[in-house]
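Labels below follow one simple rule: chain letters A, B, ... track the order of the sequence lines, proteins then strands, and each chain is numbered from 1.
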Amino acid sequence: MNKKQVIRKLEEIAIYMEIKGENPFKISAYRKAAAALENDARAMDEMEDLTKIKGIGKGTAEVISEFLVTGDSVVLQALQQEIPATLMSLLKIPGLGGKKIAKLYDELGIESIADLKVACEAQEVQKLAGFGAKTEEKLLSGIAQLELRAERHAIWEIEPIVKKINEWLSTSEDVQQYAVAGSYRRVNETSKDVDFIVATSAPQALKERLLATLDIHEVVAAGDTKVSVVLTDNYMPVDFRFVALQEYATALHHFTGSKEHNVRMRQIAKARGEKISEYGVELVDGTMKTFTSEAAFFHHFDLPNIPPALRVGHEEFERTNFEQLIQHKHIVSDLHMHTTWSDGANSIAQMGDALQQRGYTHAVITDHSQFLRVANGLTPERLDEQRMEIEKYNQAQQNFRLFAGTEMDILPDGTLDFSDDVLQRLDFVIASIHSSFNQSQQEIMARLHNALSNPYVHMIAHPTGRIIEKREGYQVDMPQLVAWAKEYGKILELNANPYRLDLCEAHLRLAMEADVPVAINTDAHAIEQLDYMPLGVQYAQKAWVKTDLVVNTWTREQFETFINRQK
DNA sequence: GCCGTTTTCGGCCCGACTGTTTTCAGTCG
C-alpha cells in the first residue's frame, strides 16, 4: 500500500467513526494523522519512526504499519463489520452528519440514499425525535440536488462567477468593502463553494437586495450575518458574510484560511491568553482588538503578512524566506500571448497598449505556428510580415518594447514546425505540444527533448497540457523534463490561464529545487485575459516560487541578455 | 487518539444557522 492509499484508509476510518458516533476528538485524531502523512514530503519507506511525526501517536502509527504490511487493519475491519458501507454516501446529503445518519440507521434501518428517499416519502423520518417535517423536505430536496450538482467546482468555472459578483458588489449601495475568500482566494484548483466577505452598515437591506437581484436557484440559509444561496449559474453554492467595517480584516482572514491554518492561528493566540474569532482578537483583559488590514492582524502575532495562497496550516508557520517569494508587483512582462494574426481577439497595437496600462516594460507576441491550421497558425512569410508590424509599433513607444516570438508546435513525429533558419530570426521561441496527446511517455519525452535541445528554443509552454478536472494531459516524466531544462538552460512555463495552471504546484516545486527558471504567462487570447497574471502569481506562491527564478520579473536588459545567448 | 515551558490527565478552535426545541443539538465551515 502506498502513502496515498494509507491516507485514504485513515480518512475512511474517521468517516466510519463519525457514523458510529465515536468521540469527536478520536475521529479528528485519525484525520490529523492522515494530514500529518500528507504534509510530510517523505515517501512511506523513508519514514522510520512514525510516532516522531506530530499528530501520529502509538495508536495511529500501529494502524498505519498494519496497512503497510497487510493492506488492511483490525480497526477498519471491525468498523466495516458494524456499519454498512452504503451509509457513507449519506454524508453527501446537506444537513446529514454522523449522528443523524446513525439515528436513521438504528431506528429505521436506512442504509442507503434510496432507502432514505423511500422513508422520507412515506413520512417516516419526521416521526423520529430531533427530526421534523421540514427536515424531511430538506432531505428530499438534498437528494434531488445531488444528482444535479457537481461536488467540487473547477477554478475556471468559478472565476467568471466571482468576476460577476465582484462587479455587482462594486456598484452596490451599502457596501463598504468586499472580497472573495475561501479556497478560491487560496487559489485551490477546485472548491466546493464560493465565499464572499462584505463590510456593510446595512446588512438587512443588502441581504434583501442580494436575494432579489442575483439569479438564485435556491436559498439555503438567510440569517442576519450569513446568506447561503445556490446560483442558477452551474448550481454554484455561494456564501455571503456581512460584517461591520472594523471586523472586516479578521473576518476575511477567518474565511480565507484553511481549517488547519485557522486552528494553528487560534492555538498561537491561545498560548498568549488571547482568542481569535471572525470579529477580532479578544485580548487577555477581555477587550476586543480589531485591525485595519490582514497584515496588521498577522503583525499582532509577530507573523509576516502570509499570502492567502499559503494559508494551509503547514509550511507558512515554519518557513521564514517570505522575502524571496514571488509577488505580483515584481512582474514586468508577459511572454506568451496571441493576436488577430492567429487565434487572438485583439491586434498587436491593442495588446501592446493594454500591456503598458498594466505597467509592463516589455512583452512577447507569440502567435501559433503553421501546423495549427484551426488556429490560423503563421507561415514563415506571415511571421516576417508580423515582425514588421511589431517593429512599427515599437518605434512609436517610449519605455516599452514588444518582442517578436512564436508559440511553435512540436509535431507528432517530434520535429519542430519551423526550421532553425526561421527560428533564428525571432526574438523568443516557445515550443508546445498541441497534438497526439495519447502517445507513450517515451514518444512524448522524445518530442520534448527535441525541442529542449534546439539552441533557438527558449521555453516550453504548458508542459503537461492538462486541463484542470477535464483532461489529464500527456505523459510527461517531469523530473526528466526539469533535468533537461536545467541542462539546456531553458525556461518552463507556469501558464496562468485558470483552465491550465500548468506547471502544477508539485511540478513547480521540482523546478525550484533544480533552480530552473519559470515564466508565469497569461497565454492571453484577448486583452481581458492579460488579467490572469495575478492568479498565476498567487498559484506560484503555493509552491514557494522565488522571485529571482521568475523570468518575467527580470528587467528588459536581463531578458535581452538571456534571449541573445544563442546569437 | 494525541499531546505536554499549565507534562501522564484533561483538555482538544470558534461561531452561525436551522429546526426542533422550550434551552439546545446537530451540522457546517
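Here the side chain of A:T225 is nearest to one of B:dG19, B:dG29, B:dC17, namely B:dC17. Comparing B:dG26, B:dG29, B:dG1 against the side chain of A:D195 picks out B:dG29 as the nearest. Checking B:dG26, B:dG11, B:dG19 against every side-chain atom of A:K270, the shortest atom distance belongs to B:dG11. In the set B:dG1, B:dT27, B:dG29, the nucleotide with an atom closest to the side chain of A:F25 is B:dG1. Relative to the side chain of A:A29, the nucleotides B:dT18, B:dG1, B:dA16 differ in distance, and B:dG1 lies closest. Among the nucleotides B:dC17, B:dG1, B:dC28, the one closest to the side chain of A:A221 is B:dC17. Taking every side-chain heavy atom of A:K99 into account, B:dT27 is the closest of B:dG19, B:dG1, B:dT27. Listed nucleotides B:dT27, B:dG15, B:dG1 differ in distance to A:E278; the shortest reach to its side chain belongs to B:dG15.
The two residues A:H153 and A:I158 make their nearest non-hydrogen contact at O-CD1, 3.7 Å. The two residues A:G142 and A:P94 make their nearest non-hydrogen contact at CA-CD, 4.4 Å.
Mapped onto DNA chain B by nearest heavy atom, A:E274 and A:V227 fall at different nucleotides, with A:E274 at the one closer to the 5' end.
Between B:dC2 and B:dT8, the distance separating the two C1' atoms is 12 Å to the nearest Å. Rounded to whole Å, the separation between the P atoms of B:dT6 and B:dC12 comes to 15 Å. Rounded to a whole angstrom, the distance from the C1' atom of B:dT18 to that of B:dT23 is 15 Å. Rounded to a whole angstrom, the distance from the P atom of B:dT27 to that of B:dT20 is 13 Å. Rounded to whole Å, the separation between the P atoms of B:dC14 and B:dC9 comes to 25 Å.
A:T287 and A:D285 share a donor-acceptor pair across their side chains, judged by distance under 3.5 Å alone. With hydrogens and angles left out, the side-chain atoms of A:E189 and A:Y539 include a donor and acceptor closer than 3.5 Å.
Using bins of under 30°, 30° to 60° and over 60° for the plane-to-plane angle, the ring pair A:H253/A:F298 lands in the perpendicular bin.
When the P atom of B:dG1 is taken as reference, atom CD1 of A:I64 falls 13 Å away, rounded to whole Å. Atom P of nucleotide B:dG1 and atom NZ of A:K54 are separated by 19 Å, given to the nearest angstrom. Atom CD1 of A:I93 is separated from atom C1' of B:dC28 by 16 Å (rounded to the nearest Å). B:dG15 atom P lies 16 Å from atom NZ of A:K259, rounded to whole Å. Look at CD1 on A:I56: it is 9 Å from P on B:dC3, rounded to the nearest Å. A:L139 places its CG atom 16 Å from the P atom of B:dT18, with the value rounded to the nearest Å.
Heavy atoms of A:K32 sit nowhere under 4.0 angstrom from any nucleic acid atom. Nucleic acid contact for A:D239: none, since no nucleic acid atom lies under 4.0 Å from a heavy atom of the residue. Using a 4.0 Å heavy-atom cutoff across all strands shown, A:Y279 reaches sugar-phosphate atoms only and no base atom. Residue A:A222 is classed as a sugar-phosphate contact, given heavy-atom separations below 4.0 Å to backbone atoms only. Residue A:I27 is classed as having no contact, given no heavy-atom separation below 4.0 Å to the nucleic acid. In this structure, A:G182 reaches neither bases nor backbone, as no heavy-atom distance under 4.0 Å exists between it and the strands shown. When heavy atoms are screened at a 4.0 angstrom cut-off, A:A271 is found touching no nucleic acid atom at all.
Side-chain atoms of A:N23 and base atoms of B:dG1 include a donor and an acceptor less than 3.5 Å apart.
Under the 4.0 Å criterion applied to side-chain N and carboxylate O atoms, A:E18 and A:R31 are assigned as salt-bridge partners.
Using Watson-Crick or G-U wobble geometry with both donor-acceptor distances under 3.5 Å, B:dT8 finds no partner in any strand shown.
Between A:K58 and B:dC2 there is no side-chain N or O to OP1 or OP2 distance below 4.0 Å.
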